[in-house]
Every structure is written in structure tokens, then in C-alpha cells.
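Because only heavy atoms are used, hydrogens play no part in the values below, and waters and symmetry mates are left out as well, while side chains stay in.
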Amino acid sequence: MQTKTHSSESPDAKWIAYGKAVSDLLSSSTAESWNRELWTMFSGFMLAQNEMGRAENLSNTFFSFKELLEFFEKV
């Protein structure tokens, strides 16, 4: 994913570029597939916590993950 922006770009052009990059990413799979894959990644992260030790910001990670899932559900 390339989201290079130039300082001479207008803020609108930057948001359009980000929107296109997100659109390209999301069009590579269905929302249901993204949700399944995200749960798989998060589950692996949670299982690895036993080996890596507990993360101090685990609750922040969970809520960030929850917001990401909600984003895919809205899209």
C-alpha cells in the first residue's frame, strides 16, 4: 500500500488518496472474511501473551481491535 503524500498537496487530495488506498485494501476481500482474519490475528496475539508476558496496554489493544472490527462492519 502506497500512501505517499506531498507537502504541496491539498488536505482534500490527501484524504482522497487515503480513501483510495483503503478502498483498494477493502476490495481485496469481503467484510466477513476481514472479520474472520482479524479475529484469527487477535486470538493468536492473545495466545502468545502467555509466552511473551502480559502487555501493560492490553486493554487499549482490545479496544483498538474492537474499533477496527466495527469499522469493517460499517463498511
Joint hydrophobic cluster, I16 plus L25, side-chain heavy atoms closer than 4.5 Å: no

Contacts of type side chain to side chain contact (heavy atoms under 4.5 Å, CB included), residue T61, not counting sequence neighbours: F42, F45, N57

E32: partners by side chain to side chain contact (heavy atoms under 4.5 Å, CB included), with sequence neighbours left out: T30, R36

Side chain to side chain donor-acceptor pair (under 3.5 Å) against S29, all qualifying residues, sequence neighbours excluded: S33

Any residue meeting side chain to side chain donor-acceptor pair (under 3.5 Å) with N35, in chain and number order, not counting sequence neighbours: none

Contact list for residues 37-48, test salt bridge (charged side-chain N to carboxylate O under 4.0 Å, His left out), sequence neighbours left out: none

Donor-acceptor under 3.5 Å (S43 side chain, W39 main chain): yes

With K66 via side chain to side chain contact (heavy atoms under 4.5 Å, CB included) - residues at least two apart: F62, F63, E70

Non-neighbouring partners of L26 that pass side chain to side chain contact (heavy atoms under 4.5 Å, CB included), sequence neighbours left out: V22, W34, F71, F72, V75

